[in-house]
Amino acid sequence: MNKIFTFLIGTLLLCTACNTSEETDKDEIISLLRNQEKAWSNHDLEGFMQTYWKSDSLKFYGANGLTLGWQKTLEGYQKRYPTKDETGTLNFIIDDMTQIESNSYHVMGQYHLKRKAGDANGVFLIILRKIDGEWKIVADMSC
């Protein structure tokens, strides 16, 4: 009986640790997205891009097709949003966040831009991976 009880307690503790880890991951990802909102809303596109994987393998898929690489993605943002009037104020609505494997999640949501150049709204799907202890967007599809 002691062995069964010990097994059940161990399983319960393991499940609790897994749930806590997933909750912590999700909290960290939400915090990261809130920091992106602040950077964007301050027209700090480089700050906004700190959330993205600084790699030539980063993938961004938007209205202009596929862009590969961190630098090219930043340049695309700078070209499309040259002033505060174009960036405006960003608000994300997170519709779903699902763990893919232990070190990656996909997040589905909406973005809403309130701006002088005219409001813009759309949807996104991002994939985040924990790289060197930090969550980074490795793929982004926004439209």
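Not measured: the values here are computed from a predicted model.
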Is there side-chain contact between L33 and N35, with heavy atoms separated by less than 4.5 Å?
-> no
For residues L45 and M49, determine if any side-chain heavy atom of one lies less than 4.5 Å from a side-chain heavy atom of the other.
-> no
Does the S31 side chain pair with the main chain of D27, one donor and one acceptor, at a distance under 3.5 Å?
-> no
Any side-chain heavy-atom pair of I94 and I30 under 4.5 Å | yes
State, to 0.1 Å, how close T87 and L113 come at their nearest heavy-atom pair, and which atoms those are.
-> O-CD2, 3.3 Å
Is the backbone of D119 close enough, under 3.5 Å, to the side chain of H112 for a donor and an acceptor to pair up by distance?
-> no
Assess whether atom CZ of R115 is packed by more than 12 heavy atoms of other residues, nucleotides or ligands within 6.0 Å.
-> yes
Does M108 share a hydrophobic cluster with M141, counting links as ILVMFWY side-chain heavy atoms below 4.5 Å and allowing steps through other members?
-> no
Sequence neighbours left out, what pairs pass salt bridge (Lys or Arg N to Asp or Glu O under 4.0 Å) with at least one residue falling in residues 36-48?
-> R34-E37
Any side-chain heavy-atom pair of M97 and D25 under 4.5 Å = no
Is there a chain of hydrophobic side chains (I, L, V, M, F, W, Y, each step under 4.5 Å between heavy atoms) that links V138 to I126?
-> no
Whether W40 side chain and T89 backbone form a donor-acceptor pair below 3.5 Å = no
Looking only at non-hydrogen atoms, find the nearest pair between L58 and I137 and report the distance.
-> CD1-O, 3.3 Å
What are the two closest heavy atoms between G47 and A39, and how far apart are they?
-> C-CB, 3.7 Å
Can you list the residues that meet the ring pair (Phe, Tyr, Trp, His ring centres under 6.0 Å) rule with W53, with sequence neighbours excluded?
-> none
Between W70 and Q50, is any pair of side-chain heavy atoms under 4.5 Å apart?
-> yes
Is it true that a side-chain atom of K84 and a backbone atom of K116 form a donor plus acceptor pair closer than 3.5 Å?
-> no
Is any side-chain heavy atom of T24 closer than 4.5 Å to a side-chain heavy atom of K26?
-> no
Check the pair L128, V107 against side chain to side chain contact (heavy atoms under 4.5 Å, CB included), reporting the backbone distance first and the verdict last.
-> CA-CA 8 Å; L128 295 105; V107 179; 3.6 Å; yes
Within the 6.0 Å centroid threshold, strictly below: F92 and F124 | yes
How about E28 and K130: do any of their side-chain heavy atoms sit closer than 4.5 Å?
-> yes
Taking the six-membered ring for Trp, is the centroid-to-centroid distance between Y77 and F60 below 6.0 Å?
-> yes
Do Y52 and D140 have side chains that get closer than 4.5 Å, going by heavy atoms?
-> yes
Any sub-3.5 Å donor-acceptor pair from Q99's side-chain atoms to Y105's backbone N or O?
-> no
Shared hydrophobic cluster, Y61 / L68 (ILVMFWY, side-chain heavy atoms < 4.5 Å) | yes
Pairs involving residues 53-68, ordered by first then second residue, that meet salt bridge (Lys or Arg N to Asp or Glu O under 4.0 Å) (sequence neighbours left out) = none
